[in-house]
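Only this structure's heavy atoms are used, side chains among them; waters, hydrogens and symmetry mates stay out. Counting convention: from 1, in listed order, for ligands and their atoms alike. Computed from a predicted structure; not experimentally measured. In what follows, residues are counted from 1 in the order of the sequence shown.
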Amino acid sequence: MAFSQKLDTWFEDFGRELPWRGIDDPYRIWLSEIILQQTRIEQGRDYYLRFVEAFPTVADLAAASEEQVLRLWQGLGYYSRARNLHAAAIYIMNECGGVFPSTYEGILRMKGVGRYTAAAIASFAFRLPHPVIDGNVYRFVSRLFGIATPIATDAAYREFEALLLKKIDRRRPDRFNAALMDFGSLQCKPQPDCTACPFADECVALRTGRVDMLPVKAPKAKPKDRWFYYFDLRWKEDGVEHTLVEQREGKDIWRGLYQFPLLETAEELDEKQLRKEAKRFAQETFHLSPFTFHLSSPFLHQLTHRTIHALFLRAELASRPLLLPEKTRVVTTGEIKNIPVSRLIDRYLQSL
Ligand code: SF4
């Protein structure tokens, strides 16, 4: 039986039913694909439904503010995905006459859309024969055909794409891709049950005892450590508690999200150093003196390329600080719940 037929038979029995399956609306397919990058399906499903409800069309998404989009995205991480989503929606409205691009190349021009996402949208929405290649597909295909090229490299992508282009079902590339993704995710798992696999009789990795060795992964760079000291300054005005937040800028992580004023250091500070640095920072930044604070327990926050070591310095002030830097914003502590913040800040707020 041909590869695609075998895959299709398996998909008939074991394929997943998902809210973005069986539809051909490119906007919703795009939304689901962006949400599902680096996100588990169970978690992504809720976010997808929330986004579709808040922004049923690409025009609705484009008309929203970036802050609204980031707020809805909160908790998913990798916030550049949300910013790109918003920018691409505006691009579609302004540059494409409100019509979603319908070619692979046109889809690739959208901000935040790479080859994988473009292939998914092109095949699911427009039935164009572009194979999807994600981590699960790499695993399955590398084992089945015994390919030892380190995955997630440009060379590997081209090699796997060329191979799958010969296998793809050109009449139903949408179904072929959905089956390929599900097979890699549900059957050819990191620890697969090969006795239940319809490809067992032809799988090179199984025959040569290399199931545990494939796919070959390129070595990862060690995450960089960073030390964040946040200033949670609170005071009351007319009986209402207020605090200060600032919006992250530049090309760094969490751009566009809000945080408490931050002192970042190149190395970890011991308590004595921290008290000295905090005093200097509070004096220079807010004209606060003297400055006493309560120190939170440490928060460790792991991102793909960064390990954040965070401490929160909470101070009860008698009144609003004398100096408010331009980038800071005064909010009530109740309002923080309605502005987009990183998962780290959210974890701290939840801990209070
Ligand atoms: S036999 Fe095992 S390793 Fe090979 S494709 Fe099937 S599940 Fe994957």
> Within a reach of under 6.0 Å around CZ of R16, are more than 12 heavy atoms found that belong to other residues, nucleotides or ligands?
Replying inline: yes
Mind listing the side-chain donor-acceptor pairs of residues 204-212 below 3.5 Å, one per line with the distance, residues two or more places apart or on another chain?
from	atom 1	to	atom 2	distance (Å)
T208	OG1	V204	O	2.7
T208	OG1	R210	NE	3.1

> Any side-chain donor-acceptor pair under 3.5 Å between Q259 and R248?
Replying inline: yes
>> What protein N/O/S atoms are there under 2.8 Å from atom 6 (Fe) of ligand 1, waters excluded?
In response: C197 SG
> Does I90 share a hydrophobic cluster with L72, counting links as ILVMFWY side-chain heavy atoms below 4.5 Å and allowing steps through other members?
Replying inline: no
> Is there side-chain contact between D232 and Y348, with heavy atoms separated by less than 4.5 Å?
Replying inline: yes
>> Donor-acceptor check, side chain of E241 to backbone of K236, threshold 3.5 angstrom: yes or no?
In response: no
